[in-house]
K.L.:
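Okay, handing you the structure first.
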Number of protein chains: 2
Amino acid sequence: MKERGLKTTAQRDDIARVFFSEGGHRSVEELYAAVKKVNARVGYATVYRTLKLLKETGLAAERRFDDGQARYEPSEERAQHHDHIICERCGKIVEFNSEELERQQERIARFLGFVVSRHRMELYGICSDCREGKRGAPAKPRGIQQL
Amino acid sequence: MKERGLKTTAQRDDIARVFFSEGGHRSVEELYAAVKKVNARVGYATVYRTLKLLKETGLAAERRFDDGQARYEPSEERAQHHDHIICERCGKIVEFNSEELERQQERIARFLGFVVSRHRMELYGICSDCREGKRGAPAKPRGIQQL
DNA sequence: GTCAGTGCAAAAGATTTGCATGCGA
DNA sequence: TCGCATGCAAATCTTTTGCACTGAC
């Protein structure tokens with residue numbers, strides 16, 4: 001699973017297993033809690049160190065939304081590239097992808113003389129469930145919306 | 001200049017003066033240093049507090065790029081809305097605006113059932129100066145590029 | 001004269017790091 | 001066995017806050 005020059009240890013295995021099975025956009029705190037349940041012998045620092053490792057080897061992508069803490073998700077090498085739209089009321093995060101938008105960005109960058117290596121694009125607003133006054137946990141994300 | 005219900009004090013005046021005259025995307029640290037030169041009697045906390053005030057009254061906009069610290073720029077009430085493209089080599093930040101891109105985002109959000117309140121869009125790449133091997137300070141930004 | 005605004009230092013929250021120890025290759 | 005990986009706590013970094021004091025209105 002992680003033969004990219006990484007030594008295998010019990011904690012790395014457990015962290016990686018939890019990380020890739022849960023998917024989603026997990027904060028370090030959430031991941032730490034989840035890993036703890038599987039292996040109580042894991043320290044906070046190791047979770048940070050492992051996540052950084054996964055990021056450096058390209059297996060994980062780091063996201064920073066506006067809540068002040070980093071979140072990680074399985075890299076786009078394994079999932080398709082996508083952006084995020086976030087509900088400011090219930091916190092729901094929906095992933096989407098738009099070819100049109102990508103082309104657009106590429107065009108803009110080229111015009112300004114840049115070669116783009118990556119981008120970050122987040123939309124913030126209120127989702128329909130919240131506008132309609134529905135309560136309770138947000139609906140489970142349904143994967144990447146193609147547009 | 002700041003009659004939005006704000007009491008005027010020497011430090012606020014100085015901070016606001018520096019902030020609005022320098023413009024750009026200044027980190028708190030940079031602003032603090034700049035204000036210090038004008039008025040040594042200003043504390044770090046006051047810069048933070050004043051910036052937060054300016055943000056809340058809509059006079060300043062907070063930006064968080066990928067370098068871990070907040071940056072502020074005069075609000076879009078006074079300047080036009082724009083996004084950013086950032087050179088990962090020299091740190092140059094170019095502002096741009098694209099009606100097309102805005103429409104695009106609006107369309108996507110609507111399709112997903114969201115009403116957008118704000119968005120965040122940053123492109124990261126290498127600028128032409130850097131690709132051509134030019135050294136030295138990045139060229140002064142030339143305002144918002146219309147696309 | 002009041003009370004909001006300020007400075008300083010301490011607190012907080014997120015993340016990193018030093019160091020002695022443990023465990024995989 | 002050897003050295004990287006780990007745990008824990010301490011250190012960093014950025015931002016916030018408590019508190020006594022100052023200055024604006």
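Naming convention: chains lettered A, B, ... in sequence-line order (proteins, then strands); numbering from 1 in each chain.
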K.L.:
Run the salt bridge (Lys or Arg N to Asp or Glu O under 4.0 Å) test against A/E122 and tell me which residues pass, sequence neighbours left out.
P.N.:
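Here the qualifying residues are A/R120, B/R120.
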K.L.:
Check the distance between D/dA5's P and A/I15's CD1 and give it to me in whole angstrom.
P.N.:
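It works out to 13 Å between those atoms.
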K.L.:
Kindly write out the residues that satisfy ring pair (Phe, Tyr, Trp, His ring centres under 6.0 Å) with B/Y124, not counting sequence neighbours, or none if the list is empty.
P.N.:
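In terms of ring pair (Phe, Tyr, Trp, His ring centres under 6.0 Å), with neighbours along the sequence ignored, B/Y124 is linked to no residue.
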K.L.:
C/dT6 C1' sits how many Å from B/K52 NZ, rounded?
P.N.:
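Value for this atom pair: 15 Å.
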K.L.:
Just to verify, what does B/F111 make a ring pair (Phe, Tyr, Trp, His ring centres under 6.0 Å) with, not counting sequence neighbours?
P.N.:
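Applying ring pair (Phe, Tyr, Trp, His ring centres under 6.0 Å) to B/F111 gives none.
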K.L.:
By salt bridge (Lys or Arg N to Asp or Glu O under 4.0 Å), which residues pair with B/D14, not counting sequence neighbours?
P.N.:
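Expected list: B/R17.
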K.L.:
Restricting to nitrogen or oxygen on both sides, can you table the protein-nucleotides 10-14 of chain D pairs closer than 3.5 Å?
P.N.:
none

K.L.:
Without decimals, in angstroms, what is the distance between B/D66 CG and C/dT15 C1'?
P.N.:
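Distance check: B/D66 CG to C/dT15 C1' gives 16 Å.
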K.L.:
Taking salt bridge (Lys or Arg N to Asp or Glu O under 4.0 Å) as the test, write out the residues that go with A/E88, two or more places apart.
P.N.:
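Counting only residues at least two positions away or on another chain, A/E88 forms a salt bridge (Lys or Arg N to Asp or Glu O under 4.0 Å) with B/R118.
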K.L.:
Mind listing the closest non-hydrogen atom pair of A/E30 and A/H25 along with its distance?
P.N.:
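Heavy atoms of A/E30 and A/H25 come nearest at OE1-O, 3.9 Å.
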K.L.:
Would you indicate, yes or no, if D/dA24 has its OP1 or OP2 atom less than 4.0 angstrom from a side-chain nitrogen or oxygen of B/R12?
P.N.:
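No, outside the criterion.
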K.L.:
Any ring-ring contact (aromatic ring centres under 6.0 Å, His included) involving residues 54-74 of chain B? Give me the pairs, sequence neighbours left out, ordered by first then second residue.
P.N.:
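Sorted pair list: B/F65-B/H84.
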K.L.:
Does A/Q11 place a side-chain N or O at less than 4.0 Å from the phosphate oxygens OP1/OP2 of D/dG7?
P.N.:
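It does, given that an N or O in the side chain of A/Q11 lies less than 4.0 Å from OP1 or OP2 of D/dG7.
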K.L.:
For nucleotides 18-24 of chain C, print each protein N/O atom paired with a nucleotide N/O atom at under 3.5 Å, atom names and distance only.
P.N.:
{"from": "C/dG24", "atom 1": "O3'", "to": "A/T8", "atom 2": "O", "distance (Å)": "3.2"}

K.L.:
Can you check the B/E62 CD to D/dT15 C1' distance for me, whole Å?
P.N.:
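In whole Å, D/dT15 C1' lies 10 Å from B/E62 CD.
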K.L.:
Measure from CG on B/L53 to P on D/dT15 and round the result to the nearest Å.
P.N.:
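B/L53 atom CG is separated from D/dT15 atom P by 17 Å.
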K.L.:
Nearest-Å distance, CG (A/N39) to P (D/dT6)?
P.N.:
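Value for this atom pair: 11 Å.
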K.L.:
Would you kindly give the CG-to-P distance between A/D13 and D/dA5, to the nearest whole Å?
P.N.:
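Whole-Å distance recorded here is 13 Å.
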K.L.:
I'd like to check the ring pair (Phe, Tyr, Trp, His ring centres under 6.0 Å) partners of A/Y32; sequence neighbours left out, ordered by chain and number.
P.N.:
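Checked A/Y32 against ring pair (Phe, Tyr, Trp, His ring centres under 6.0 Å); matches are A/Y44.
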K.L.:
What is the separation between atom OH on B/Y44 and atom C1' on C/dA11, rounded to the nearest whole Å?
P.N.:
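Rounded to whole Å, this separation is 17 Å.
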K.L.:
Give a yes or no on whether a salt bridge exists between A/R64 and A/E62, defined as a side-chain N under 4.0 angstrom from a carboxylate O.
P.N.:
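A salt bridge is present here (some side-chain N lies under 4.0 Å from a carboxylate O).
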